[in-house]
Colleague: 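Supplied in C-alpha cells, the structure appears directly below.
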Amino acid sequence: MTKFKSDFLRTLDERGFIHQISDEAGLDELFAKETVTAYIGFDPTAPSLHAGGLIQIMMLHWMQQTGHRPISLMGGGTGMVGDPSFKDDARQLMTVDTIESNIASIKRVFSNYLSYGEGQKDALMINNGDWLRDLNYLEFLRDVGRHFSVNRMLSFDSVKTRLDREQSLSFLEFNYMILQAYDFVELNQRYGCRLQMGGSDQWGNIINGIDLGHRMGTQQLYALTSPLLTTSSGAKMGKSLNGAVWLNPDMLSAYDFWQYWRNTEDADVSRFLKLYTTLPMDEIARLSALGGSEINEVKKILATEVTAMLHGRGNAEQAAETARKTFEEGALSDNLPTIEVVKGELETGIGLLALIVKAGLAASNGEARRHIQGGAVKLNDAGVSDEKMVVGSGEVTADGVIKLSLGKKKHILVRPV
C-alpha cells in the first residue's frame, strides 16, 4: 500500500526518485488537491548538461505527466557566482556572453522531455538573471540579507565540508545560497511556485529558501530531493571512460549515448529502467526478473528507451541497429562515429598511435601504446601488436573507410576526404 495519495509523489516514490521531503503529508495533500508549480535550477557551467542531470529532468517530466506545472530555471544570474556546494574549490567565473551561450545551448534538450507553452500545465523556461542581475545591492542586503544567520549558514554540510578541509570559501560563493533562496521566493511571488526540487546536495539551500519565504510572507513552501546517484561500482553518473556523457547531440552522438546505457552494470539495470525510462512499472518488473544472457537484451531495451526520449525514437533504433550490425554481424555501418583525415596524410602514412589519439580512443600516445600492448586495438577487425605501425591508404577497405576498434565496444570509422 503506497503512502502517497497524489499521482506525482506516488510515481516518484515507486520509481526511486525520493530522498527527502520537507513535509510529506503537507506536500502530498497539496498535489492531491490542486495543480502545483515546482522548479529545479540548472546552472549553465557548460554548453550541455550531462547524463548525471537526467534524474532532475525526469522529475520535471513526471510532474507534467501527472498534471502539474514544472519550471526549468536557468541560472543566468546564479551562474555568475557558481554553486560552492560540496566543491573542493571555487568554480571558474564565466563571462555573461559565455553564460548566455551555454543557456541557449542547454535549452535545446528540455523540449524533448517537457511541453512548453502558456497553458496552466505547460512548462515554463525561466532565467533567474531576469531578477538577479538588476538587484540593488543595498536594498537587497536590507530586505533579504537581514533574514540570514551566518551561524546557521556555517552549519550547512556543503559549507562545513569546505571549511573543515581548510579550503577557502569566498564571500562571492557564500552569497550563492542567499541568491538561491531568493529565487524560490521570487518564483513563488511571480508564478505561485510552491516546491523546489534538486539533488540531495541541495537540501540545505532549498530549506534556506523555505525559511526565507516564511520570513518574507509567502505561502508554505516545500522541498523534495532525489538521491545522488552512483553506479553499483561507485562511478559517478554521467561520466564514462571518455569523459562526460553529454546530452546535446553536437557534443555526443546518439550512438555513443546509446552505448553508454547499453554498458550499464547488471546490478543497475532495474533501477535505471525506473529512473530513466517511462516504461510501465509492471513491464519493468517483468524485465527486471530476467537473468543470465537475457540481461543483455534488457540493457538494449534500456539504452533504446533512454536514447529515444533524448534523440527521438528513429535515432535510438538506428543506434541499436548499428550496434547489432557491428557487434553481431561484424559489419560496417555509416552510423558509426566517424573521423575524417586528409587523403594526402594517408598516402604518406599516419602513425597508429597518433591515429588512435586523433580518433578519441586514447588521450595520449602513452595511453594508446598501453592499449596496443594489452591487445585491445584492432584495425579492420584484425588485431594490431606493432605500436610503430604506420597506417596508410592501403588499409582503406572497399567501403572507403578504415575501421579502428578499441576492445569489443568502441569502433571509429576513419574516412579519407
Side-chain angles (χ1 to χ4, degrees), residues 1-42 53-75 107 109-128 130-131 180-199 202-203 205-214 216-226 274-281 309:
M1 183 72 180
T2 179
K3 59 183 175 180
F4 294 113
K5 295 180 292 184
S6 62
D7 287 344
F8 175 62
L9 291 184
R10 188 165 60 247
T11 299
L12 256 56
D13 186 40
E14 67 184 8
R15 288 182 174 267
F17 284 95
I18 297 176
H19 180 68
Q20 286 174 291
I21 300 178
S22 57
D23 173 5
E24 281 192 4
L27 187 60
D28 192 31
E29 185 70 30
L30 187 69
F31 270 105
K33 72 179 183 183
E34 63 183 76
T35 301
V36 177
T37 299
Y39 88 98
I40 297 176
F42 300 88
L54 257 186
I55 187 170
Q56 312 301 335
I57 299 174
M58 289 301 294
M59 288 166 76
L60 294 176
H61 171 81
W62 284 116
M63 197 182 165
Q64 189 166 44
Q65 293 302 304
T66 53
H68 302 279
R69 183 171 70 160
I71 294 175
S72 46
L73 182 70
M74 297 291 106
K107 278 181 176 180
V109 160
F110 281 88
S111 58
N112 296 308
Y113 298 89
L114 300 171
S115 174
Y116 290 93
E118 302 299 322
Q120 186 184 15
K121 296 175 185 176
D122 284 334
L124 299 174
M125 175 80 72
I126 297 167
N127 187 336
N128 64 13
D130 292 349
W131 55 82
Q180 184 173 336
Y182 183 66
D183 280 346
F184 202 174
V185 173
E186 195 72 26
L187 287 170
N188 175 261
Q189 292 173 346
R190 291 180 180 224
Y191 304 100
C193 182
R194 302 290 299 276
L195 169 67
Q196 182 183 171
M197 301 185 290
Q202 293 298 312
W203 180 255
N205 288 346
I206 300 174
I207 293 299
N208 240 349
I210 294 175
D211 289 347
L212 180 63
H214 179 71
M216 294 183 71
T218 66
Q219 305 152 284
Q220 178 62 53
L221 304 179
Y222 299 90
L224 188 157
T225 61
S226 60
K274 294 175 187 175
L275 290 170
Y276 298 113
T277 81
T278 56
L279 290 174
M281 288 299 292
M309 288 196 77

Colleague: Under 6.0 Å between ring centres, would you say that holds for Phe110 and Phe42?
Modeller: yes

Colleague: Could you give the distance from CG (Leu114) to CZ (Arg69), rounded to the nearest 0.5 Å?
Modeller: 13.0 Å

Colleague: Is there side-chain contact between Leu60 and Tyr39, with heavy atoms separated by less than 4.5 Å?
Modeller: no

Colleague: Gln202 and Thr225: side-chain donor and acceptor closer than 3.5 Å?
Modeller: no

Colleague: Look at Lys5 together with Glu29 and state whether they make a salt bridge at an N to O cut-off of under 4.0 Å.
Modeller: yes

Colleague: When you measure from the side chain of Asp28 to the backbone of Ala25, do you find a donor-acceptor pair of N or O atoms at a distance under 3.5 Å?
Modeller: no

Colleague: Checking Gln219 against Asn188: is there a side-chain donor and acceptor pair closer than 3.5 Å?
Modeller: yes

Colleague: In a check of side chain to side chain contact (heavy atoms under 4.5 Å, CB included) between Leu195 and each of Leu221, Thr37, Leu27, which one passes?
Modeller: Leu27

Colleague: Does a side-chain heavy-atom distance below 4.5 Å link Thr278 with Trp62?
Modeller: yes

Colleague: I want to check something: taking the side chain as every heavy atom from C-beta on, are Lys274 and Met281 in contact at a cut-off of under 4.5 Å?
Modeller: yes

Colleague: Rounded at 0.5 Å granularity, tell me how far CD1 in Ile18 sits from CG in Asp13.
Modeller: 4.5 Å

Colleague: Give a yes or no answer on whether the side chain of Arg15 reaches the backbone of Leu275 with a donor-acceptor pair at less than 3.5 Å.
Modeller: no

Colleague: Any side-chain heavy atom of Asp183 within less than 4.5 Å of one from Trp131?
Modeller: yes

Colleague: To the nearest 0.5 Å, how far apart are CD1 in Ile21 and CG in Leu224?
Modeller: 4.5 Å

Colleague: Is a side-chain N or O of Arg194 found less than 3.5 angstrom from the main chain of Leu30, in a donor-acceptor match?
Modeller: no

Colleague: Could you check whether Glu186 pairs with Arg190 (Lys NZ or Arg NE/NH1/NH2 to Asp/Glu carboxylate O, under 4.0 Å)?
Modeller: yes

Colleague: Would you give the length of the straight line joining atom CD1 of Ile206 to atom CE of Met197, rounded to the nearest 0.5 angstrom?
Modeller: 9.0 Å

Colleague: I need the Thr66 OG1 to Leu9 CG distance, nearest 0.5 Å.
Modeller: 8.5 Å

Colleague: Does the side chain of Asn205 come within less than 4.5 Å of Phe184's, by heavy atoms?
Modeller: no

Colleague: Backbone N or O of Met63 within a donor-acceptor pair of the His68 side chain at under 3.5 Å?
Modeller: no

Colleague: Are Arg10 and Asp7 close enough for a salt bridge, meaning some N to O gap below 4.0 Å?
Modeller: yes

Colleague: Quick one, Ile210 with Gln196, criterion side chain to side chain contact (heavy atoms under 4.5 Å, CB included). Give me CA distance, side-chain angles, the key distance, then yes/no.
Modeller: CA-CA 9 Å; Ile210 294 175; Gln196 182 183 171; over 6 Å; no

Colleague: Output the distance between atom OH (Tyr276) and atom CE (Met58), rounded to the nearest 0.5 Å.
Modeller: 9.5 Å

